[in-house]
Amino acid sequence: MTTMPENYIKTAHSSESNAYDMIAEGYTAENETSLIHAYYARPAMLELAGDVTGRRILDAGCGSGPLFSVLRDRGALVTGVDASAGMLEMARRRLGADADLRVVDLAGPLPTSSRPWCCTTWKTGDRHWPSCDAC
């Protein structure tokens with residue numbers, strides 16, 4: 001078993017691939033307008049988030065970054081993580097070179113920081129919005 005430093009994070013330019021790497025462009029196009037994502041999941045998560053100005057949000061499984069984009073536009077400090085470098089390349093096209101995007105295996109430890117995340121989005125599971133009052 002290989003050991004990694006506790007704070008080890010690969011960049012979004014990883015050469016590793018997974019199934020989403022092969023379908024990144026098509027999935028991104030579908031995700032933009034699909035009934036479930038565009039008209040249910042994203043709007044519901046944004047409503048739950050409330051005022052995110054100045055809040056640190058971890059967008060776990062951020063894909064091509066549609067939720068990251070809106071949260072950042074609303075003033076949040078967002079870090080996006082995904083297991084697919086291909087999806088993060090699509091996110092980088094959308095969000096620009098300064099976006100904090102990282103290739104992370106979501107089955108393993110998430111990125112750490114000196115300050116706690118106020119809220120975490122999780123596209124494939126539960127959406128978790130703890131109280132941001134303490135952040």
Side-chain angles (χ1 to χ4, degrees):
M1 182 167 142
T2 305
T3 59
M4 300 266 203
E6 185 175 317
N7 294 329
Y8 175 78
I9 297 181
K10 293 184 264 184
T11 67
H13 302 289
S14 170
S15 61
E16 294 179 22
S17 66
N18 66 30
Y20 280 97
D21 290 344
M22 296 182 287
I23 63 167
E25 288 191 35
Y27 184 86
T28 297
E30 157 66 21
N31 190 292
E32 293 300 314
T33 59
S34 74
L35 180 64
I36 191 72
H37 294 290
Y39 299 100
Y40 172 70
R42 273 194 305 272
M45 291 176 74
L46 291 167
E47 184 177 337
L48 287 170
D51 180 11
V52 296
T53 305
R55 304 295 187 202
R56 292 176 30 81
I57 298 178
L58 177 65
D59 190 0
C62 68
S64 62
L67 186 60
F68 183 122
S69 178
V70 176
L71 291 167
R72 184 177 68 176
D73 289 349
R74 292 182 177 188
L77 306 169
V78 185
T79 295
V81 298
D82 201 284
S84 168
M87 292 302 293
L88 290 177
E89 178 55 36
M90 299 302 296
R92 187 144 328 272
R93 290 181 198 175
R94 172 196 302 266
L95 302 166
D98 63 332
D100 186 5
L101 297 168
R102 307 171 192 195
V103 175
V104 173
D105 179 357
L106 298 177
L110 294 175
T112 59
S113 123
S114 59
R115 292 187 56 212
W117 305 107
C118 294
C119 305
T120 301
T121 69
W122 186 268
K123 75 171 188 166
T124 56
D126 294 331
R127 277 74 173 171
H128 182 59
W129 294 100
S131 171
C132 289
D133 295 339
C135 298

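All of these numbers come straight from a predicted model, not from anything done at the bench.
- Listed by first and then second residue, the salt bridge (Lys or Arg N to Asp or Glu O under 4.0 Å) pairs involving residues 70-81 amount to none (not counting sequence neighbours).
- Annotation for Pro43 and Ala38: closest pair CG-O, 3.3 Å, computed over non-hydrogen atoms.
- For the pair Arg56 (side chain) and Leu77 (backbone), a donor-acceptor distance under 3.5 Å is absent.
- When side chains are defined from C-beta on, Pro66 does not count as touching His37, because their heavy atoms never get closer than 4.5 Å.
- Val70 and Phe68 fall within the same hydrophobic cluster, where Ile, Leu, Val, Met, Phe, Trp and Tyr residues are linked whenever their side-chain heavy atoms come under 4.5 Å apart, directly or through other members.
- Shown here is Glu32, whose CD atom has more than 12 heavy atoms of other residues, nucleotides or ligands within 6.0 Å.
- Here the closest heavy-atom approach between residue Gly65 and residue Ala91 is recorded as N-CB, 3.9 Å.
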* side-chain contact (heavy atoms from CB on, under 4.5 Å) evaluation trace for Tyr20 with Asp82 -> CA-CA 10 Å; Tyr20 280 97; Asp82 201 284; 5.6 Å; no
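- The side chain to side chain contact (heavy atoms under 4.5 Å, CB included) test applied to Glu30 returns Ser34, not counting sequence neighbours.
- Contact check for Glu89 versus Thr28: no side-chain heavy atoms found under the 4.5 Å cut-off.
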* Quick one: do Leu46 and Leu71 satisfy side-chain contact (heavy atoms from CB on, under 4.5 Å)? Show the steps, please. => CA-CA 8 Å; Leu46 291 167; Leu71 291 167; 3.8 Å; yes
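- In summary, the side chains of Asp51 and Thr53 do present a donor paired with an acceptor at a separation below 3.5 Å, with no hydrogens or angles considered.
- The minimum heavy-atom distance linking Gly86 with Asp21 is given by the pair N-OD1, 2.7 Å.
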* Quick one: do Cys62 and Leu88 satisfy side-chain contact (heavy atoms from CB on, under 4.5 Å)? Show the steps, please. => CA-CA 8 Å; Cys62 68; Leu88 290 177; 3.5 Å; yes
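- In this structure, the separation between CG on Asp59 and CG on Asp100 is 11.0 Å, given to the nearest 0.5 Å.
- Remark: Leu35 CG to Tyr39 OH distance equals 8.5 Å, nearest 0.5 Å.
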* To do: In sequence, state the C-alpha distance, the side-chain angles, and the governing distance for Met90 and Arg94, and then conclude on side-chain contact (heavy atoms from CB on, under 4.5 Å).
  => CA-CA 6 Å; Met90 299 302 296; Arg94 172 196 302 266; over 6 Å; no
